[in-house]
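Quick caveat, the model's predicted, so the values are computed rather than measured.
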Amino acid sequence: QVQLVESGGGLVQAGGSLRLSCAASGRTFSSYDMGWFRQTPGKEREFVAAINWSGGSTYYADSVKGRFTISRDNAKNTVYLQMNSLKPEDTAVYYCAAQTRLGRLSLDLTDFRSWGQGTQVTVSS
C-alpha cells in the first residue's frame, strides 16, 4: 500500500487559482497511476483527473477540462493538480488516489485502492 497526503487546499475567489499536492510514501511511486477526485456533502465522490505512471497520459472530467492540469514528479513522489479559473461549483473536498499500474488506467474510483485524507477547496463568488 502507498500512503497519500494532500495539501494546498484553501479559500479562493472565483477566477483564482490553487495548486494541490499529494505526497506519496511507502511503495515505489512509479508503480502507480494517480487520480484526483472530489466530493461535496450529499453527493457521490466524482472523478476529476488522472495521470498514468509515467506522466505521458492524462485524463480529465469534462467539467474541468481546459482549467485543471494534473502532473507528477516521480523523483519527488508527488502528484499535482493545478486549478485555474476556479468556479464556486469547484468547491469540494479533493482526494488524491492511487491505482496499481496494470497497463490500462481505469477512471473508476473503485479501482483506486489507496486514498488520502482529503483537502478542502472553497471557491467564493
(request) Identify, with sequence neighbours excluded, every residue that meets side chain to side chain donor-acceptor pair (under 3.5 Å) alongside Ser17. (result) Asn84

(request) Could you tell me if the ring centre of Phe112 sits under 6.0 Å from that of Phe37? (result) yes

(message) Looking at every non-hydrogen atom in both residues, tell me the closest pair between Val79 and Ile51 and how far apart they are.
(response) CG2-CG2, 4.1 Å

(message) Please report the interatomic distance CG(Asn52) to OH(Tyr59), rounded to the nearest 0.5 Å.
(response) 6.5 Å

(request) Grab the two heavy atoms, one from Ala92 and one from Thr40, that are nearest each other, plus how far apart they are. (result) CB-CG2, 3.6 Å

(request) Check the pair Lys65, Asp62 against salt bridge (Lys or Arg N to Asp or Glu O under 4.0 Å), reporting the backbone distance first and the verdict last. (result) CA-CA 5 Å; Lys65 204 170 292 184; Asp62 288 343; 3.2 Å; yes

(request) Return the set of residues passing side chain to side chain donor-acceptor pair (under 3.5 Å) with Thr110 (not counting sequence neighbours), or none when no residue passes. (result) Asp108

(message) Is it the case that the side chain of Glu6 and the backbone of Gly118 share a donor-acceptor pair, with hydrogens and angles ignored and the cut-off at 3.5 Å?
(response) yes

(request) Could you tell me whether the side chain of Thr91 and the main chain of Val123 form a donor-acceptor pair under 3.5 Å? (result) yes

(request) To the nearest 0.5 angstrom, please state how far the CG atom of Leu81 sits from the CZ atom of Phe68. (result) 6.0 Å

(request) Compare all side-chain heavy atoms of Trp115 with those of Cys96 and state whether any distance is below 4.5 angstrom. (result) no

(message) Does Lys43 have more than 12 heavy atoms from other residues, nucleotides or ligands lying within 6.0 Å of its NZ?
(response) no

(message) For Ser30, is there any backbone N or O sitting under 3.5 Å from a side-chain donor or acceptor partner on Arg101?
(response) yes

(message) Quick check: closest heavy atoms across Tyr60 and Ile70, and the distance to 0.1 Å?
(response) OH-N, 2.9 Å

(message) Between Asp33 and Leu102 (side chain of the first, backbone of the second, donor and acceptor by atom type, cut-off under 3.5 Å), is there such a pair?
(response) no

(message) Would the distance check show the side chain of Arg72 and the main-chain N or O of Phe29 forming a donor-acceptor pair, the cut-off being under 3.5 Å?
(response) yes

(request) Look at atom CD of Gln117 and say whether more than 12 heavy atoms of other residues, nucleotides or ligands are closer to it than 6.0 Å. (result) yes

(request) Determine the minimum heavy-atom distance between Met34 and Cys22, stating which atoms define it. (result) CE-SG, 4.5 Å

